[in-house]
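Everything on this sheet refers to the single structure shown next.
For clarity, every value in this text was computed on a predicted model and none was experimentally measured. Indexing begins at 1, ligand by ligand and atom by atom, following the structure's order.
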Amino acid sequence: MRKLHVSAPTKLFVLGEHAVVYDGRAIVTAVDARLHLIIRHEETEAGELEIHAPDVGLHHWQTNLADTLQKTDFSGESSFIESCLAVFNREVPLSGKFYIQTQSNFDPILGIGSSSATVAATLFALAQLFAPQITSMQLFEMGLEAIRAVQQKIGSGADLAAAIMGGTVYYVNQSPRQITALEIQSLPMVSVYSGKKAPTVSYVQQVKQLRDQHPAVVDPIIQTMLTIVDDGRDVINAGNWEALGRLMNIQHGLLHALGVDTPWLAAVVMAAREAGAFGAKLSGAGGGDCAVVLIENEKRVALAESLASIRREILPYELHASGVREES
Ligand code: MEV
């Protein structure tokens, strides 16, 4: 029997959410809120799959491996792991008995990318066991296929790029896809949960609908967001945090215009700006989940106090974290 323990980071959008969906670009940072995955594999005659993922309500869930490998439609809590196995099997045929266990060191309610972390961890573990020559870019392409098979073709792949590569990445959602690591040692950014979980897919659909209804209005907003992403890449590489903060504030305003801001997110953003942050914005699809705040270390006590007045707090996770990796 072979056994492997891997972990993958979650992610937060620095810039470019929603705009990246339309063949666009985004900047995403890996978050040290990690999903851990242990995989055990035995060469047995009969193929079997057992998943134990208590975080998503799966307790020793079992199925026949062949059934999973043939699936093209996925539903339920086992979807992302099953989809990864099916996609990987098309490149490297799988057989035998698999036991996969996941456990995260964060609350899935935060909405910071547990699905992309699950996909990165599952595919990385399979590659380590059966095809170590697979490159990160090949893992990324397989992962994107696995995510889109589950999420009705929705998903720019930006979150997966951060989970696989780690650090802070500039991601181009066009063929051929580009993932470029930004040239920084650290990012002076923290995250704050807004107090409400949001369904990503429905907010992506909501913005798409708005774009269909008002293309002449929404397309220029998306174009501006893409300019912000490109300018953002340059100012991050130059370590110009004042400029990045300004760009984040503008991106938040544009996301508000697209209708994905909420009173909870707006309260966090305003509290952060009052505490002297360079910039603050909602991060991801909107409707809830998390905000990101760019702020100097010396001002974090003031930020914590400002957030306490709206009963919110800084999340304890480092950003610009390492990508998917094997754990000892
Ligand atoms: C969701 O976390 C970010 C969006 O840009 C969707 C996507 O990139 O797939 C809204």
Side-chain angles (χ1 to χ4, degrees), residues 8-31 33 35 80 83 106 108-120 140-141 143-165 168-175 177-179 189 191-194 196-212 218-219 221-226 228-230 232 248 251-252 254-262 265 281-292 315 317 319:
T10 46
K11 63 84 191 69
L12 282 161
F13 272 77
V14 178
L15 293 169
E17 49 273 271
H18 286 289
V20 68
V21 171
Y22 307 98
D23 295 336
R25 307 177 283 282
I27 295 172
V28 191
T29 192
V31 181
L35 179 116
F80 287 102
S83 175
F106 60 93
I109 201 168
L110 299 175
I112 52 177
S114 43
S115 324
S116 50
T118 302
V119 167
F140 172 82
E141 290 297 342
L144 191 54
E145 197 181 329
I147 289 174
R148 289 184 172 169
V150 176
Q151 288 186 174
Q152 306 122 51
K153 300 204 162 40
I154 287 181
S156 67
D159 46 1
L160 184 66
I164 292 178
M165 305 295 174
T168 302
V169 298
Y170 171 81
Y171 172 72
V172 180
N173 182 21
Q174 276 166 17
S175 220
R177 284 195 180 73
Q178 284 172 46
I179 307 171
M189 188 175 275
S191 56
V192 180
Y193 181 54
S194 70
K196 188 170 176 279
K197 174 140 182 64
T200 298
V201 171
S202 66
Y203 279 90
V204 172
Q205 283 161 343
Q206 186 181 306
V207 170
K208 274 198 170 139
Q209 194 185 4
L210 191 68
R211 184 174 179 238
D212 290 344
V218 173
D219 281 342
I221 293 178
I222 287 169
Q223 282 312 313
T224 305
M225 286 177 161
L226 295 179
I228 290 172
V229 171
D230 291 346
M248 286 170 58
Q251 171 71 0
H252 181 81
L254 296 176
L255 289 164
H256 180 92
L258 294 184
V260 300
D261 195 9
T262 67
L265 284 164
K281 60 179 275 292
L282 73 86
S283 175
D289 295 342
C290 287
V292 285
L315 291 174
Y317 308 112
L319 275 58

Report task. Check each protein residue for a heavy atom under 4.0 Å from ligand 1 and list those that pass, ordered by chain and number. Result -> Lys11, Phe13, Glu17, His18, Val20, Val21, Gly155, Ser156, Thr200, Val204, Gly284, Ala285
Query - Main-chain N/O of Gly287 paired with Thr262 side-chain donor or acceptor, under 3.5 Å - result: no
Requested in this report: Taking Lys281 for its side chain and Val14 for its backbone only, find out whether a donor-acceptor pair lies under 3.5 Å.
Outcome: yes
**Report entry** Approximate separation, where rounding is to 0.5 Å, of Asn173 CG and Leu226 CG
**Finding:** 10.5 Å
Query raised in the report: Taking atom OH of Tyr317 and atom CD1 of Ile112, what is their separation to the nearest 0.5 Å?
Result: 6.5 Å
Query raised in the report: Side chain of His18, backbone of Ala285: donor and acceptor closer than 3.5 Å?
Result: yes
Requested in this report: Rounded to the nearest 0.5 Å, what's the gap from CD1 on Ile147 to CD1 on Ile154? Could you check?
Outcome: 12.5 Å
